[in-house]
There are 2 protein chains.
Amino acid sequence: MTGNPAAGKRYTIYDVAKEAGVSPSTVSNALNGTARVSPKTQQRIDQAIAHLDYTPNANARALRKTSSRIIGVILRDISSEYYAQCVASILQRALDEDYVVLTSDAHFRQDVMEKSVAALVERRVDGMMFIGGHSDEDSIRSVHEAGIPLVLGDRYLEGFPCVQFNNYDTMRGIVHAFYDAGYRRFGYLGEMLMNQQNLQMRFGGFERGLDECGISDENRYISLTEYLNVGKMQPAYEQFTKYLRATPPKIRPQIMFSSNDMVAQGIISAVLRSGLRVPEDVAVIGFDNISIAKYCTPSISSVEQDPYQLGDACFNLLMQQIHHRETENIMLTQRVAIRSSAPLAAENIERYGLQLYEEE
Amino acid sequence: MTGNPAAGKRYTIYDVAKEAGVSPSTVSNALNGTARVSPKTQQRIDQAIAHLDYTPNANARALRKTSSRIIGVILRDISSEYYAQCVASILQRALDEDYVVLTSDAHFRQDVMEKSVAALVERRVDGMMFIGGHSDEDSIRSVHEAGIPLVLGDRYLEGFPCVQFNNYDTMRGIVHAFYDAGYRRFGYLGEMLMNQQNLQMRFGGFERGLDECGISDENRYISLTEYLNVGKMQPAYEQFTKYLRATPPKIRPQIMFSSNDMVAQGIISAVLRSGLRVPEDVAVIGFDNISIAKYCTPSISSVEQDPYQLGDACFNLLMQQIHHRETENIMLTQRVAIRSSAPLAAENIERYGLQLYEEE
DNA sequence: CTGAAAGCGCTAACAC
DNA sequence: GTGTTAGCGCTTTCAG
């Protein structure tokens, strides 16, 4: 709090050393615990630091050391509750471990992704996390080739450390569970799969389940639309409204699966505003279990995949990578939240090895 | 793409200089456009850079220059769609302007806030943004005293550059509008106001409106609860369910105002699950206009305050601060999205100078 | 336990 | 147009 130098200008370790009557290296040692410092000296240094309101310059430190203690996080799209919560957990872990986080949002664009990656490389981040990515393999490979530790979150790419959810098994199990409960016509509405590996797994599990249950093509309504990559509810709403209008009741799916809760809500909305009922006419199940899902009318059945757990696991894995420890990919377990939009008995869920999400 | 040095180790400007047969300063000039470089030399340098896959070290640059081209963003709580979207717009602007963003989430805690601020100061950020803060005046003042440019977003603090929304006028106007439409008993459910200036303004405008309309105390139901600072829907739901059970119909509010859409949905949920109707028995109006609001059943009337506009304005203001230009505080205009949970004729809204949010 | 000196990678004077 | 050199603030040998 003592008078600072001109704006921007701050005191250096030399100023502290002079004030404390020791050498800069001793101050450095005291600051970092690099070598023992006598209690007396320590105290004088502490006083000087407090007196000058000295703050070490982390950029200078990063320049000198091999590590910057910066990690970079690149998201496919930060502007959803789900990924925001994931980031929140990463930020917390980082703060605890004295890392600082450079965040970047590619919002689905390859060029933005490349520029973001370049910026992080220039800052000499100690490691990077790619969360929920999309058609950006080149960027990832280039980071890897530059020798920068990296981790992929909520996706999988051969040869890279990953944290994934068990999308395939979950979807497959849910299909079986609803089949057992008497459902015979199934629908899916979601984004184009393209390079989104997590969505591919979901859809793969879905189809596998249908195959195993002997559901024929005419009893499947499948719509993968690129519009959903941008907006969520509006396109889902419009698309499904149109579909309902054009399709006789006997043909339309008894249950709709969707790629996230926003899309699910769009579908529900379409059903209700078309004068039909959820779940009696069409049941709907979402993904992500966003916080509002429980309170919607009807409440939305959803697949929960804990974003905090995701962030946490990514952080752990990245730390291991940075410290050159052996790592194994992490598979996190999704849980099924059964609510009004697609009701089901708990035992139906658990029979297929799925975990039930219990409301608090 | 040529073989990199050992992991982490990268080529320097000297390597590029040697490869191109020029001096480091020429490379620097070529890189930064600091001085004219002959086309031939430029080309040789470009080749060398490409050949070595050279990336400048931004930390070294930051050490040497007066600016780090890092900005710090500290959020009260990043884990909501609203603030995530605000961050998204900041990230985009930053990328365009060649800044890099260190993000921090205080999640309402003073100690976390302090540690975050310290970390950003160590990195010598060129400026900081405090978005949606809370009881952290000391941190802000200390940053200011350290001579670091800063901006406050979605809040106001005397003496600091701020970007705010017109909370007071909006709330006041809405009260009048609903009064005109015949409503006589008003309620408010939200977080404790404490140091949250934006909430204080909202509540202040609310009370002012009621006073002007001559609404007596017994026709006001006001609940400011600290539980809402943590969860949103669950506590709102529980609280309002309890309230409804304990309160005779003639006394309960005809319209409930709430501090955000999550709370609004909690209230709506409580009303519906108590066997009452929205809006016939209790109308409900939220805040933030999150993307799902339009698609809930009933759709939620809400006050829209564009998070992208907020982020953008904060970024602009911070740039001005950094470049020592004169700045004026920015007041952004909220818009009222009228939907089923609290219907109202458009002219009622516009009569009080409020802007109507038109659905796309 | 403490100090002197070199150097991390870059830019900015200032020569040429 | 280009090169030489010093130094940003720190850590790290290596002596003492």
Side-chain angles (χ1 to χ4, degrees), chain A residues 4-6 8-45 48-49 52-70 98 121-126 146, chain B residues 4-6 8-46 48-49 52-70 98 121-126:
Chain A
N4 273 309
K9 192 70 196 156
R10 310 214 81 204
Y11 288 114
T12 75
I13 205 169
Y14 285 90
D15 300 316
V16 175
K18 194 187 291 178
E19 175 99 7
V22 296
S23 81
S25 54
T26 303
V27 177
S28 175
N29 284 329
L31 236 37
N32 301 299
T34 333
R36 290 193 61 79
V37 175
S38 79
K40 254 193 198 153
T41 317
Q42 181 69 258
Q43 197 193 344
R44 290 219 309 285
I45 291 174
I49 288 174
L52 299 178
D53 195 20
Y54 166 74
T55 319
N57 181 328
N59 295 320
R61 184 177 283 167
L63 180 58
R64 186 61 231 254
K65 305 236 263 195
T66 47
S67 151
S68 65
R69 293 203 86 80
I70 306 175
D98 288 315
V121 173
E122 289 196 357
R123 298 289 162 174
R124 299 296 187 265
V125 295
D126 287 348
Chain B
N4 273 309
K9 192 69 193 154
R10 310 214 79 201
Y11 289 113
T12 75
I13 203 169
Y14 285 91
D15 300 316
V16 175
K18 193 185 293 178
E19 175 99 6
V22 295
S23 81
S25 57
T26 303
V27 178
S28 175
N29 283 329
L31 236 36
N32 301 300
T34 332
R36 290 194 62 81
V37 174
S38 79
K40 254 193 197 154
T41 318
Q42 182 69 260
Q43 197 193 344
R44 290 220 309 286
I45 291 174
D46 289 345
I49 287 175
L52 298 177
D53 195 21
Y54 166 75
T55 320
N57 182 328
N59 296 320
R61 185 177 282 167
L63 181 59
R64 187 60 232 256
K65 306 237 261 192
T66 48
S67 150
S68 63
R69 293 202 87 81
I70 307 176
D98 288 316
V121 173
E122 291 197 357
R123 298 290 162 172
R124 298 298 186 265
V125 295
D126 287 347

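Protein chains get the first letters and strands the later ones, always in sequence-line order, with residue 1 at the start of each.
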Ser23(B) vs Leu63(B), nearer the 5' end of DNA chain D by closest nucleotide: Ser23(B)
Per-nucleotide protein contact string for nucleotides 11-16 of chain C (B base, S sugar-phosphate only, - none; heavy atom under 4.0 Å): BB----
Side-chain touch [X]/[Y], heavy atoms, less than 4.5 angstrom:
| X | Y | value |
| --- | --- | --- |
| Tyr54(A) | Ile13(A) | yes |
| Asn57(B) | Arg61(B) | no |
| Val37(A) | Val22(A) | no |

Specify the separation, in whole Å, of atom [atom1] of [X] and atom [atom2] of [N].
| X | N | atom1 | atom2 | answer |
| --- | --- | --- | --- | --- |
| Tyr11(B) | dC8(C) | OH | C1' | 18 Å |
| Asn57(B) | dC10(D) | CG | P | 16 Å |
| Asn59(B) | dT11(D) | CG | C1' | 15 Å |

Leu63(B) and Arg124(B): CA distance, side-chain angles, deciding distance, side-chain contact (heavy atoms from CB on, under 4.5 Å) verdict: CA-CA 9 Å; Leu63(B) 181 59; Arg124(B) 298 298 186 265; over 6 Å; no
Exercise: identify the closest heavy-atom pair between Asn59(B) and Ala62(A): ND2-CB, 3.9 Å
Smallest separation among heavy atoms of Ser28(B) and Thr34(B), with atom names: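 Heavy atoms of Ser28(B) and Thr34(B) come nearest at O-OG1, 4.0 Å.
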Arg69(A) backbone acceptor or donor facing Asp126(A) side chain under 3.5 Å: yes
Stretch residues 36-45 of chain B: residues that reach within less than 4.0 Å of DNA chain D through a heavy atom: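 Contacts with DNA chain D under 4.0 Å: Arg36(B), Val37(B), Ser38(B), Thr41(B).
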Any Thr12(A) side-chain N or O less than 4.0 Å from OP1/OP2 of dG9(D):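 Looking at the OP1 and OP2 atoms of dG9(D), neither is under 4.0 Å from any side-chain N or O of Thr12(A).
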Any Thr26(A) side-chain nitrogen or oxygen under 4.0 Å from OP1 or OP2 of dG3(C):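 It does, given that an N or O in the side chain of Thr26(A) lies less than 4.0 Å from OP1 or OP2 of dG3(C).
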Verdict with reasoning, Ser68(A) to Arg123(A), per side chain to side chain donor-acceptor pair (under 3.5 Å): CA-CA 8 Å; Ser68(A) 65; Arg123(A) 298 289 162 174; over 6 Å; no
